[in-house]
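Heavy atoms only: backbone and side chains are in, while hydrogens, waters and symmetry mates are out.
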Amino acid sequence: MGELEGSYRVLQTPGTRLGAQFNAGISTLEPGQSLSGNMIGGSKSHGRGLQIRVQGLDDSQEFFDIDPKALGQALLSEVFHSGNLIESDYFGLEFQNMQMNWVWLEPTKPIMKQVRRPANTLFRLSVKFFPPDPGQLHEEYTRYLFSLQMKRDLMEGRLICTENTGALLASHLVQSEIGDYDDAADRDFLRMNKLLPYQEKVQERIMELHRRHLGQTPAESDFQILEIARKLEMYGVRFHPAADREGTKINLAVAHMGLQVFQGHTKINTFNWSKIRKLSFKRKRFLIKLHPEVHGPHEDTLEFLMASRDQCKIFWKICVEYHSFFRLLDQPQPKSKTMLFNRGSSFRYSGRTQKQLVEYVRENGAKRTPYQRYSVVDSPQLSPFNSKGPLCLSPSFQMSTLSLPGQTPSPLQSPILSEVGSNARLEEEEEGRRKRYPTDKAYFIAKEILTTERTYLKDLEVITVWFRSAVIKDNAMPEGLMTLLFSNIDPIYEFHRGFLKELDQRLALWEGRSNAHVKGDYQRIGDVMLRNMCALKEFTGYLQKHDEVLTELEKATKRLKKLETVYKEFELQKVCYLPLNTFLLKPIQRLMHYKLILERLCKHYSPAHRDHDDCKEALKEVAEIATQLQSSLIRLENFQKLTELQRDLIGIENLTAPGREFIREGCLYKLTKKGLQQRMFFLFSDMLLYTSKGVTATNQFKVHGQLPLHGMIVEESENEWSVPHCFTIYSAQRTIVVAASSKVEMGKWIEDLNIAIDLAKKSQDKSSIFLDAELGDRSNRSSDEVSLEQESEDDMNSSHTSLDKQTHHRANTTMHVCWHRNTSVSMSDHSLAVENQLSGYLLRKFKNSNGWQKLWVVFTNFCLFFYKTHQDDFPLASLPLLGYTVSTPEESDSIHKEYVFKLQFKSHVYFFRAESEYTFERWMEVIKSAASTTGRMSLLIPKGGSLEMNGN
């Protein structure tokens, strides 16, 4: 079969081993090394940890504070400990990957290497291993959680059964939740809780069956649910779509006895573990090698084709785990590290086997905490979802703001914010306004929703009004693309126009600006948010098409010359203050903003507050949509960044190749024959580019070198070259020496390079695209010889592209700012900057007087944009913030006003004043989080203190 990308040999389990000794404790990673000792310790946060959201089987949610470098086991252990879960090995945490497939969190791998943005990912506690007999579950609490899994599977359409069986299962669920039959209670419960997709159709049957369960305890109900469910063909089945050699569509699944093959929902074949000799995969092919006596010596390998290599590997891993859990007596030991070469995947199951787990529970059962069950009727103060057991997770809506270590400012002509606007706002007038308006923090949080919604609507108008006008004027866009683009974004725009009007009216009532004499309390926002978040769910289909819209628009601009010209000319207009395709990402990003703001509201309110429940329900609604679209957003942000770079780089084609991911961009100094020369570097998941900045009208960067990550090695080399913050990059083509502006910068580059190299090494896809745009000297020097090629200024400034690419590019894109400020930005920084967008009025101090000027300020994409008012269509000035420090004024600044923050880069100093403590803290928070890819530091600085975001 050639080289297999992943393989797994099925170990034999002879009866002679039944009496073998085993370690009944937590499973080992290495001989003598325990998960509890080595992984759980990783959950202790050093500094700020990741706030990870986990949804329990009862649908409640809890946040866990985990060290960013922790392994998956750290989070698993925290969740199991929080729930006091003894038989924990039956369970796991699953999350949706970028392809929207549910995958299991691996215990032995760092969380950050499995999930792109863990803080924005929903993890679900789920049953991972389904035993054939519920009697094998010793704990009543475990059986309760299994019954909740059956409830979830019924509702999600995984546990397929007849309507009568579904009604029977539902009747036991009702008995478990509310106790004995009562007509009114049954109807109320079934109205409030959906247990079956077809519930209304069989509701009377459910109630009829519930009447028969008189006197049945919740524990007995759970056991009955599991007894019925285990006899169903779809019990515990998770489909993995595939096709056989003839191309027939089938579904593969794994169970305790072996592998199963389904056509539709009908099982057509089962391969018991005893018949399987080896499981493996190669790219998209999943291979089952059977023992010769099963199919004969010439037909011993079955082959199934899956949609991608990733899906193939996901299924292969779960097969490995199922076989280990149900068939082995002890957990498999790690592979020997003395092997010189390691072919195939090293993945193995790291938990206890079922036999070990049963023995452990049997020996430690007396030590477990007593478990009490309450029905909703018995405990009316508990909600139906949080009525049982210690794993009823309580929501906590505190989100961490992540930031990166700082860097040193470097020489630059900083953009100067001109004196825009008209008359300065009189301080007395401003003070009077502050005294009139509410001072409650909830009001200012609600006002943030309003102010950012105004900016969001203006951003949508860049597409729906301005860009539409441009393409119609020149008849530049094909009708099909026009329909695809505007039929998706127009309904969203119209919805948000109405939503903005509602927000404006509510804030007017809250502030007392309205003359309407109305009854009721309008100092709240939850009802408005809940109504509109529910309505927003209807637009999920439109949002899911944004991937297609962005891709088709990019294809069309490459194919159609007229559209490309209109596109480029439109990006030069003042109204298009960001790259055009950035505006297409705004609708999905806005969902994330709603979620974060609602989390702050829920955290602010006490549970007894009249607005709390509406805000909590609104958060639940928007979190559900955001979770569905999270993977799409990650893909779209990466695609948008790649297309932006494609336009700004000369000498590289096909930068948007499938599978390529952007990681970091920034300035480094490369050692050449002339000495250290400034270069702009771009790190991707498969290669490293270095470029120089031209001085022609294009304002673009020209590619000078391209180094594939495959086989690359990175080493610190300060001592060797006597250059501060210096490191050497060894690649197959050449070796280069580069220096960073600070030790922190060097550390970030080396860390990202090593992670990218490691991932590229582990990737088994040999068809990865390595571009051959390498420029300059290509002599056959060894990889140990340092490249000191001569790079003339004429060569750096020349352009070998056609005239159609000779167009002006913006000087405040991140790559240009990184070049001037001698710093770098990662994709994580981009994502964080997107999440921390903010809008509102600020007072800006005049430089040469004591007057203050009122400006509408928008913070997005590492930059402040300044307008006279929120009605303006384009900004009057902008201030890129990378490299700036932010602090409160010092005594020497002679500013004795509240809520003032100071922005400084070298001699350029600006003072801004917010209207309240909340808005002051928010501006400080968002600027610090994204101003210069800085360190993970406190959001508040003592008066007179300065936060050096580009510190040494």
Side-chain angles (χ1 to χ4, degrees), residues 57-59 90 102 126-137 140 142-183 185-240 250-257 260-270 375-376 384-385 388:
L57 279 157
D58 62 350
D59 291 334
Y90 286 112
W102 286 100
S126 300
V127 174
K128 189 172 186 178
F129 302 114
F130 292 82
D133 181 3
Q136 294 175 320
L137 304 175
E140 178 187 337
T142 307
R143 291 194 291 273
Y144 162 59
L145 293 180
F146 264 72
S147 74
L148 290 181
Q149 183 70 59
M150 297 304 102
K151 176 183 175 183
R152 181 191 287 177
D153 288 356
L154 274 172
M155 195 54 229
E156 293 182 355
R158 283 178 165 178
L159 190 59
I160 305 297
C161 59
T162 64
E163 289 183 357
N164 195 56
T165 302
L168 180 59
L169 285 166
S171 70
H172 285 294
L173 285 168
V174 175
Q175 177 72 21
S176 173
E177 292 283 358
I178 68 173
D180 291 340
Y181 172 84
D182 177 88
D183 188 271
D186 275 34
R187 293 186 188 279
D188 285 342
F189 180 82
L190 292 171
R191 186 179 70 253
M192 299 294 295
N193 300 275
K194 196 166 185 181
L195 307 176
L196 299 168
Y198 44 85
Q199 183 166 302
E200 291 181 4
K201 184 179 178 182
V202 297
Q203 178 165 318
E204 296 302 319
R205 179 62 174 158
I206 295 172
M207 294 172 64
E208 177 187 339
L209 292 168
H210 181 208
R211 193 192 297 266
R212 303 177 186 178
H213 306 327
L214 186 66
Q216 188 170 282
T217 66
E220 290 169 341
S221 297
D222 292 342
F223 193 86
Q224 289 299 321
I225 291 166
L226 299 182
E227 271 296 298
I228 298 166
R230 77 179 182 97
K231 298 172 185 176
L232 299 173
E233 199 161 67
M234 296 298 293
Y235 166 69
V237 169
R238 301 293 182 262
F239 279 159
H240 296 261
I250 51 97
N251 286 304
L252 298 178
V254 62
H256 68 282
M257 84 290 284
Q260 301 172 327
V261 183
F262 289 79
Q263 201 161 32
H265 292 107
T266 305
K267 185 161 60 178
I268 59 175
N269 210 339
T270 299
S375 71
V376 177
F385 301 107
K388 306 182 217 176

Worksheet item: Is any side-chain N of the basic residue among Asp153 and Arg238 closer than 4.0 Å to the acidic one's carboxylate O?
Response: yes
Worksheet item: Looking only at side chains, do Gln260 and Asn269 share a donor and an acceptor under 3.5 Å apart?
Response: no
Worksheet entry | Intermediate values then yes/no, salt bridge (Lys or Arg N to Asp or Glu O under 4.0 Å), Glu208 and Arg211 | CA-CA 5 Å; Glu208 177 187 339; Arg211 193 192 297 266; over 6 Å; no
Fill in: Heavy-atom side-chain contact between Asp186 and Val174 under 4.5 Å
yes
Practice prompt. State, yes or no, whether a side-chain contact exists between Pro134 and Arg230 at a heavy-atom distance under 4.5 Å.
Written response: yes
Item to complete: Taking Gln199 for its side chain and Ile206 for its backbone only, find out whether a donor-acceptor pair lies under 3.5 Å.
Response: no
Fill in: Phe239 versus Gly264, closest heavy-atom pair with distance
CZ-O, 3.6 Å
Worksheet item: Tell me, do Gln149 and Ser126 make a side-chain contact under 4.5 Å, heavy atoms counted?
Response: yes
Worksheet item: Do Arg152 and Arg158 have side-chain heavy atoms sitting under 4.5 Å apart?
Response: no
Worksheet item: Hey, are Arg212 and Ser171 close enough side-chain-wise for a donor-acceptor pair under 3.5 Å?
Response: no
Worksheet item: Do the rings of Phe130 and Phe146 sit parallel, tilted or perpendicular, given the 30° and 60° boundaries?
Response: perpendicular
Discussion item. Using 0.5 Å steps for rounding, measure from the NZ atom of Lys267 to the CG atom of Asn251.
Written reply: 13.5 Å
Worksheet item: CE/Met150 to CG/Leu169 distance, rounded to the nearest 0.5 angstrom?
Response: 9.5 Å
Worksheet item: Looking at Ala229 and Tyr235, what are the two nearest heavy atoms and their distance?
Response: O-CB, 3.1 Å
Discussion item. For the CD atom of Glu220 and the CD1 atom of Ile225, what is their distance to the nearest 0.5 Å?
Written reply: 12.0 Å
Worksheet item: How long is the gap from CD1 on Ile160 to CG on Leu232, to the nearest 0.5 Å?
Response: 10.0 Å
Discussion item. Could you report the tightest heavy-atom contact between Val127 and Phe129, atom names first, then the distance?
Written reply: CG1-O, 3.5 Å
Worksheet item: Near Gln136 CD, under 6.0 Å, is it more than 12 heavy atoms from other residues, nucleotides or ligands?
Response: yes
Fill in: Donor-acceptor contact below 3.5 Å, side chain Asp180 vs main chain Leu214
no
Discussion item. Looking at His172, is its backbone amide N or carbonyl O close enough to the side chain of Gln224 to form a donor-acceptor pair, meaning the two atoms are under 3.5 Å apart?
Written reply: no
Discussion item. Between Leu145 and Tyr90, does the side chain to side chain contact (heavy atoms under 4.5 Å, CB included) criterion hold? Intermediate values first, please.
Written reply: CA-CA 10 Å; Leu145 293 180; Tyr90 286 112; over 6 Å; no
Response to the item:
Residues Tyr198 and Gly166: closest non-hydrogen pair is OH-CA, 3.7 Å
Worksheet item: How far apart are the closest heavy atoms of Asp222 and Ser147, and which atoms are they?
Response: OD1-OG, 3.2 Å
Item to complete: Mind checking the CE-OH spacing from Met207 to Tyr181? Nearest 0.5 Å is all I need.
Response: 4.0 Å
Worksheet item: So, His265 and Glu233: side-chain donor and acceptor under 3.5 Å apart, yes or no?
Response: no
Worksheet item: Can you tell if the side chain of Leu195 reaches within under 4.5 Å of the side chain of Phe189, non-hydrogen atoms only?
Response: yes
Discussion item. Donor-acceptor check, side chain of Gln175 to backbone of Ser221, threshold 3.5 angstrom: yes or no?
Written reply: no
Discussion item. Return the CD to OH distance between Glu140 and Tyr144, rounded to the nearest 0.5 Å.
Written reply: 11.0 Å
Fill in: Under-4.0 Å salt bridge between Lys194 and Glu200
no
Worksheet item: So Asp59 and Leu148, side chain to side chain contact (heavy atoms under 4.5 Å, CB included) or not? Walk me through it.
Response: CA-CA 9 Å; Asp59 291 334; Leu148 290 181; over 6 Å; no
Fill in: Short side-chain to backbone donor-acceptor contact, Glu177 and Leu173, under 3.5 Å
no
Practice prompt. Taking Arg143 for its side chain and Leu137 for its backbone only, find out whether a donor-acceptor pair lies under 3.5 Å.
Written response: yes
Worksheet item: How about Val261 and Leu252: do any of their side-chain heavy atoms sit closer than 4.5 Å?
Response: yes
